[in-house]
Amino acid sequence: MMHLFLNCLAASAGSGLTYVRNIVPQFSGRPELRATLAISPQLRKELGSPSNILFVEVEVPAGAAARFCWEQAFLPGIIRKTGADVLLSAGNFALRKSPVPQILLSGNSLYTSPDFYSDLRARGAHRMWLDTRIRGFFARRSVHWADCTVAPSKDFADTLSVWTGGKVVSIYHGFDPEVFFRNHISLPSAIQGKIDSGKGALRLIFVSHYNYYRNFETLLRALPCIQERLGGRTVQLFLTCKLASDEHSGAHRTETVAAMVRQLGISNQIVELGAVPYHLLQHVIRACDIYVTPAYTETFAHPLVEAMACGLPIVASDLPVHREVCGNAAVYFPRFSPQLLADRVLQVEQSSVLRKQLVECGSKRWRDFSWREHVDRIVALAQSLKASNMGYRRAA
């Protein structure tokens, strides 16, 4: 029986949480597999009691640097005690001295993005710039510490391979309609009321917590252009975050973007839903007309798959990974062009033929992403490492 140890201590937001929530049922449904997950007590509460899975709840020090140091010092001992065969490091950083063969899941494109570093310099975010450079150094080294590195898209695998000089395998992240669509309860009245306030409007939606690389500014600048050309109809943008200084995401400051909303006079067109629980997200997406993403760097972008599954046409920034994930289910615009973003939105809004085409392509494309297939390939990699052992079984 294969015994996998998954280091999920970095899963705290966005794609990290999506990953853990979806792979746990997949690992649980495999009687030939045992899994041990190192996980935060907060995330443990929502995962229930799946079979074949042991949870090791760990309170790690706050901050990425402190967590990295803690993992390097203490995680090898925990792994040895469990008797695991292979380590799956799910947080972009590998153990330098893993006691068992190690698969690294690398999924942070910020370390390789010139746009992100330029953005930080323009914002005067010098501390974040330095922090990202330091993290990038260890992320690059991690590719060489691991026995195998996996990226969630071919585009990012190629980028990582060039950046590190190491071999990187691409395995798509998945989508599980049974998990995503299983909840049929109504939205909380506070969220439903905000959605109802946009009745009759052109409803755009962008699913993201606030951060710089998601390029909110380009999307906000596009709204007046869209409104001007809509005639009597209004446009509303639904956000799954809050643009408030006391609710920013980590070190990503929201004061500038909040001031932009006021300066553009679009406060009434922004609907800040705040964080929407994953099991309710389908209801929010389906209540809207077009999914929009202006991000200037990505590695996979789960919300695009979720939007396609919900039957929404997509307007996306012209990134190779967006084209890889969406294909013909989206129309694209240069990532820093509010005017062309507005043009694409209006193009979709005004053409029922185009909308139908995008939705039909999306209804086929999302089925290409499967968590079962993702886990199949991860387990196959783990089995090959266990079988060969590659000389990496290190002494305690």
Side-chain angles (χ1 to χ4, degrees), residues 14-16 18-19 92 104-120 132 136 139-140 143 149-175 206-208 211-219 222 290-309 312-345 347-348 354 357-358 361-370 373-374 377:
S15 61
T18 299
Y19 189 83
N92 302 308
L104 170 66
L105 302 183
S106 188
N108 193 329
S109 63
L110 300 185
Y111 307 135
T112 63
S113 172
D115 284 339
F116 185 62
Y117 290 114
S118 296
D119 192 5
L120 294 183
T132 306
R140 179 183 287 180
V143 172
T149 299
V150 174
S153 63
K154 184 179 185 301
D155 172 68
F156 189 55
D158 292 343
T159 298
L160 269 184
S161 182
V162 171
W163 185 56
T164 64
K167 182 179 179 181
V168 182
V169 177
S170 66
I171 300 178
Y172 282 145
H173 282 183
F175 178 74
F206 183 31
V207 176
S208 176
N211 50 48
Y212 298 151
Y213 76 90
R214 290 279 164 73
N215 194 18
F216 280 69
E217 291 82 357
T218 295
L219 179 53
I290 302 173
Y291 188 88
V292 182
T293 174
Y296 58 67
T297 185
E298 284 285 8
T299 58
F300 184 77
H302 293 97
L304 292 176
V305 182
E306 294 156 1
M308 288 188 287
L312 262 63
I314 294 171
V315 175
S317 50
D318 197 359
L319 305 181
V321 69
H322 284 166
R323 287 188 176 271
E324 182 179 348
V325 171
C326 295
N328 293 326
V331 292
Y332 303 94
F333 63 92
R335 62 195 182 281
F336 295 117
S337 175
Q339 183 61 56
L340 291 179
L341 190 165
D343 288 348
R344 298 297 178 267
V345 167
Q347 181 183 6
V348 173
L354 177 59
Q357 174 187 325
L358 296 175
C361 289
S363 70
K364 297 175 183 177
R365 180 56 175 153
W366 72 260
R367 301 173 197 276
D368 294 332
F369 301 100
S370 162
E373 183 175 333
H374 173 89
R377 293 190 61 188

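Between the side chain of Thr159 and the main chain of Asp155, a donor-acceptor pair closer than 3.5 Å is present.
Once rounded to the nearest 0.5 Å, the distance linking CG of Leu105 with NE2 of His374 reads 6.0 Å. For the atom pair CG of Leu104 and CG of Asn92, the computed distance is 7.0 Å after rounding to the nearest 0.5 Å. Within the model, atoms OH of Tyr172 and NZ of Lys154 stand 9.0 Å from one another, a figure rounded to the nearest 0.5 Å. To the nearest 0.5 Å, atoms CG (Asp368) and CD (Glu373) are separated by 8.5 Å.
In terms of the side chain to side chain contact (heavy atoms under 4.5 Å, CB included) criterion, residue partners of Asn328 (sequence neighbours excluded) are, by chain and number, Cys361. Listed by chain and number, the residues in a side chain to side chain contact (heavy atoms under 4.5 Å, CB included) with Ser113 are Asp115, Phe116, Tyr296, Thr297 (sequence neighbours excluded). Qualifying side-chain hydrogen bond (donor to acceptor under 3.5 Å, both in side chains) partners for Ser208, counting only residues two or more places apart in sequence or in other chains: Arg214. Considering only residues two or more places apart in sequence or on other chains, Arg367 meets the side-chain hydrogen bond (donor to acceptor under 3.5 Å, both in side chains) condition with none of them. Residues satisfying the side chain to side chain contact (heavy atoms under 4.5 Å, CB included) criterion with Glu217, sequence neighbours excluded, are Arg123, Tyr210, Asn215, Arg221, Val257, Met260.
Nearest approach of Tyr291 to Leu312, heavy atoms of both residues: N-CD2, 3.8 Å. Contact between Ala295 and Ser317 at its shortest, heavy atoms only, is O-OG, 2.5 Å. The two residues Leu110 and Thr132 make their nearest non-hydrogen contact at O-CG2, 4.2 Å.
Side-chain contact check for Tyr19 versus His173: some heavy-atom pair is nearer than 4.5 Å. Counting heavy atoms from C-beta outward, Arg335 and Leu319 have side chains that approach closer than 4.5 Å.
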Would you be so kind as to tabulate the donor-acceptor pairs closer than 3.5 Å made by side chains of residues 162-171, with sequence neighbours excluded?
from   : atom 1 : to     : atom 2 : distance (Å)
Thr164 : OG1    : Leu160 : O      : 2.8
Thr164 : OG1    : Gly166 : N      : 3.0

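With ring centers used as reference points, Phe300 lies under 6.0 Å from Phe369.
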- prompt: Could you go step by step and tell me if Gln339 and Asp343 meet the side chain to side chain donor-acceptor pair (under 3.5 Å) rule?
  reply: CA-CA 6 Å; Gln339 183 61 56; Asp343 288 348; 3.3 Å; yes
- request: Take Glu298 and Tyr213, measure what side chain to side chain contact (heavy atoms under 4.5 Å, CB included) needs, and give me the verdict at the end.
  value: CA-CA 8 Å; Glu298 284 285 8; Tyr213 76 90; 4.2 Å; yes
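Remark: of the listed residues Asp318, Val315, Ile314, Asp318 is the sole one forming a side chain to side chain contact (heavy atoms under 4.5 Å, CB included) with Tyr332.
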